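For clarity, every value in this text was computed on a predicted model and none was experimentally measured. To find a chain, count down the sequence lines: A is the first, B the second, and so on, and within it residues start at 1. Hydrogens, waters and symmetry mates are skipped; everything else that's a heavy atom, side chains included, is used.
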Number of protein chains: 2
Amino acid sequence: MAIGRPSPSSSQTPDPGAARRTSRARGIPEATVARLPLYLRALTALSERSVPTVSSEELAAAAGVNSAKLRKDFSYLGSYGTRGVGYDVEYLVYQISRELGLTQDWPVVIVGIGNLGHALANYGGFASRGFRVAALLDADPNVVGSTAAGLPVRHMDELEDIVVSQHVSIGVITTPPGAAQLVCDRLVEAGVTSILNFAPTVLTVPDGVDVRKVDLSIELQILAFHEQRKAGDEPAGDSVLDRAPGPVRAAAAKLRRAAGGGKSAEPAKNAPAAKGPEDDLSAVMPA
Amino acid sequence: MAIGRPSPSSSQTPDPGAARRTSRARGIPEATVARLPLYLRALTALSERSVPTVSSEELAAAAGVNSAKLRKDFSYLGSYGTRGVGYDVEYLVYQISRELGLTQDWPVVIVGIGNLGHALANYGGFASRGFRVAALLDADPNVVGSTAAGLPVRHMDELEDIVVSQHVSIGVITTPPGAAQLVCDRLVEAGVTSILNFAPTVLTVPDGVDVRKVDLSIELQILAFHEQRKAGDEPAGDSVLDRAPGPVRAAAAKLRRAAGGGKSAEPAKNAPAAKGPEDDLSAVMPA
DNA sequence: TAGATTGTTAATCGATTAACAATC
DNA sequence: TAGATTGTTAATCGATTAACAATC
C-alpha cells in the first residue's frame, strides 16, 4: 500500500515508499498535510473565542503562512468556504480534524521513560486531539513500577502484549540511540505502523511503516548554519583562505592523496589512513 | 539582513525573509542544509570506528538518503571526494562542520525549565557539537535556584544581562504556549537572532531572526493522517457519504448559509453565528 | 589498463505564488 | 448592485533523480 514518502523530516531506508509522491488517496500533497495541523490549531483558538467565520487572510496570518497557500491547501480538501464571506470556523475544524484522522482515538505507546519520555507523557497536547497514552515502557528495573503523568511505567517485556491487545498503531521512541532500532523492530513486529522517533538515529523500517523524527541537535545545527552567515556578512566570502585554515587544508589534501593510494582497484576504504594530521582536524572539532 | 527563508518547519509572519530562496552565501539550498547534520552524524560514527574513506553509496545508506542526492548535496560544498575512491571521512567531517558553523562555540539559553526544559538541559547532543548551555531560565520562583544538569536555574529577570554578557545568539523556548511570544520578544530585543521553539505557538519575529519549531502534536497528527489511510485502504473513497456523516454535513451547510447572511458588506465574521448545530460538530471532535 | 566512483547535467516532479474570474 | 473573498489557473521556483562523462 505504501503511503507517500514519509516526509522530508522522516528517515528510513534509502528511499522506500517512493512510489506515490503526493500522499495520495484523494491526493493531498505532503506539504499541505504538514500544514493542516497548523490551521487546525489556529481554528481551534478562534473556535474557543466563539469566532464564527474567518477569511483566508486572517486565518493565514494566525497560522503564519500566506493566504494564497492556505487557499490552495484548502482546495485539496474541497470547497469549504463561502465567496465574499470566508470559512465557517466550526465546520472547518471538523473537516480538517476528520481529514487528519483525529475524529478517532489513537492509542500511543511511549518507549523510554527518561527525561524526555517523562516530558512527553505529561504533554497536554498529547491527550487532547485524539491521542491517548496507552502505556509507558522502559527497560530499566529502577524505572519500571514508578509512575509518570499518573500512569505506571511498565516493563519492555510487555510491549508486544500491549501493542496487540490495545491495538496500538503509533509508537514514540525516546530511548537512547543505541536501543532505538531494536525497540523499533519490536514495535513494528508487534503491529505498529507509525513511529515518532526522538532518538538521534536513522531507523530502518519495512515498507508501509512511516517514521517521522524529531531531532533537537539537527535543528540547532541548521540554526547555527544561518547564524554563521549573519555574523560575517561580507559579500559572501569565497577566497580559499576563508574556507579552511591553511594548515588544515594542506593536511587534509595530503590525507586525501594518501587515501587515494593508487593502483588498487579496492576502494581506498581498506587503505590504512595516514593517521596523524587528523589530530589537527579534531582539534578544531567539537567533541 | 534576511537569511533565506527560515525553512519549511519554521513559522513566522506570513512570509518574511522571502527574498533569497536558497540559503545563499555560496548558495547552499535549504534542503541540503537540513541534511548536512545527518551526513555529519553518519560520518562521525565512521570516524569513531576509524574508517578512513567512504563511498557516496555507503554514506547515503548510513544517512538514510539515496546516493544521487548525497552527491548533489556535496557538490554544493565543493569537490571533496576522489573519483574511483570515495570521500575521506575526517576531511569531510571537518568540511561539513565548518559549513554548519560548528567549529565555533554557540552559547544557548533555555527558557522554561519544566519537564521538557529539563530534558533538553540534560541532552548530550547539546553539549557536543559546539553548543553550550549558557543559562537556564524560568519565571517560577519555586524553580529558580534549583539545578538542572548541574546548572542553576536563574530568574527571567536576568535574561537580558545573560544574553548580552555571554553573547548568546540562540535561544530555546520551552515555556507554556501563553508565555512563548513574550519570551521570544525579550530574547530578540536582547540580541538573540535564532530561536528554537518547542511551544505550540506561532511566533512573530522581525526580519533577520530565524525561527525553527519542534512540535510533537503536529508530528503525531501527520502520522495519524497516514495511519488513517492505511486502515481503510479502499480504492480511495470519494463518495459524498464518506466525507462526512449526513447530518453533520447538513448542519454545517445550514450554518454556512446562516453565516453567509446576505446584504451586509461586512465580513460575516461579525454575523452572529447560529449556535446550536455546532454542538453536533464538537461532539465528534476531540476535546 | 580496467574498474570504481565522483561530480554534473538535464529531465521531472512537487510546491509556491500572484492574479483573477467566479460568486456570495 | 457593489464589495468582498473564495477557488483555480498558470507561471515560477526549488528539489529530486537517473544517467553518464570525467577521472582517479
Side-chain angles (χ1 to χ4, degrees), chain A residues 4-5 7-8 14-15 18-24 27-35 53-60 65-88 92 256-257 259-271, chain B residues 4-5 7-8 14-15 18-24 27-35 53-60 65-88 92 256-257 259-271:
Chain A
R5 70 139 162 253
S7 96
D15 219 332
R20 314 186 189 171
R21 285 294 96 172
T22 63
S23 80
R24 278 294 308 138
I28 303 178
E30 225 7 83
T32 296
V33 171
R35 281 188 295 266
T53 61
V54 66
S55 70
S56 63
E57 201 65 57
E58 294 165 318
L59 183 55
V65 302
N66 74 47
S67 65
K69 197 185 280 182
L70 177 141
R71 287 198 301 278
K72 188 108 232 281
D73 284 341
F74 284 2
S75 77
Y76 295 110
L77 307 183
S79 291
Y80 294 153
T82 306
R83 286 168 144 104
V85 176
Y87 300 90
D88 181 86
L92 204 46
R256 291 169 70 196
R257 264 176 269 121
K263 325 281 104 150
S264 164
E266 194 67 58
K269 182 184 179 181
N270 297 328
Chain B
R5 71 144 160 251
S7 98
D15 217 330
R20 313 185 189 172
R21 285 296 94 172
T22 63
S23 81
R24 276 295 305 137
I28 303 178
E30 228 2 87
T32 296
V33 171
R35 280 187 296 266
T53 60
V54 66
S55 70
S56 62
E57 201 66 58
E58 294 165 318
L59 183 55
V65 303
N66 73 46
S67 65
K69 196 185 280 181
L70 177 140
R71 285 198 301 278
K72 188 108 227 285
D73 284 341
F74 283 3
S75 76
Y76 295 111
L77 307 183
S79 292
Y80 294 154
T82 304
R83 286 167 144 105
V85 177
Y87 301 90
D88 180 86
L92 206 45
R256 291 170 68 197
R257 266 176 266 118
K263 325 284 106 154
S264 165
E266 194 66 59
K269 182 184 179 182
N270 297 328

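- The residue among Asp73(A) and Phe74(B) whose nearest nucleotide of DNA chain C is located toward the 5' end is Phe74(B).
- Rounded to whole Å, the distance from OH on Tyr80(B) to C1' on dC24(D) is 19 Å.
- Contact of Arg83(B) with dT23(D) (side chain to base): no donor-acceptor pair of N or O atoms is detected under 3.5 Å.
- The shortest distance between the side-chain N/O atoms of Tyr76(A) and the OP1/OP2 oxygens of dG14(C) is not below 4.0 Å.
- Distance CD (Glu57(B)) to P (dT17(D)): 13 Å, rounded to an integer number of Å.
- Looking at the side chain of Lys72(A), the nearest of the listed nucleotides dT6(C), dT17(D), dT16(C) is dT16(C).
- Counting non-hydrogen atoms under 4.0 angstrom, Ala68(A) reaches a base of the nucleic acid.
- To the nearest 0.5 Å, atom OG of residue Ser55(B) and atom CZ of residue Arg71(B) are 9.0 Å apart.
- One finds a side-chain N or O of Asn66(B) lying less than 4.0 angstrom from the OP1 or OP2 phosphate oxygen of dT17(D).
- Across all strands shown, dC13(D) forms a Watson-Crick or G-U wobble pair with dG14(C), both key distances being under 3.5 Å.
- Between Val33(B) and Tyr76(B) there is no side-chain heavy-atom pair separated by less than 4.5 Å.
- What separates CG of Leu70(A) from P of dA15(C) is a distance of 16 Å, to the nearest Å.
- Counting to the nearest Å, the P atom of dT16(D) and the CD atom of Glu30(A) are 13 Å from each other.
- One atom, CG of Leu92(A), and another, C1' of dT6(D), lie 13 Å apart when rounded to the nearest Å.
- Using a 4.0 Å cut-off, no side-chain N or O of Ser55(A) falls inside it from OP1 or OP2 of dT5(D).
- No side-chain donor-acceptor contact under 3.5 Å links Thr82(B) to the backbone of Val85(B).
- An OP1 or OP2 oxygen of dA22(C) is reached within less than 4.0 angstrom by no side-chain nitrogen or oxygen of Arg71(A).
- Pairing of dA22(D), defined by two Watson-Crick or G-U wobble distances under 3.5 Å, is identified with dT5(C).
- Leu92(B) places a side-chain heavy atom less than 4.5 Å from the side chain of Phe74(B).
- Distance, Asp88(B) CG to dT6(C) P: 13 Å, rounded to whole Å.
- Distance check, rounded to the nearest 0.5 Å: CG of Asn66(A) to CD of Glu57(A) gives 8.5 Å.
- Close to dG7(C), at under 4.0 Å from its OP1 or OP2, lies a side-chain N or O of Tyr87(B).
- If you measure from atom NZ of Lys69(A) to atom P of dG14(D), you get 13 Å, rounded to the nearest angstrom.
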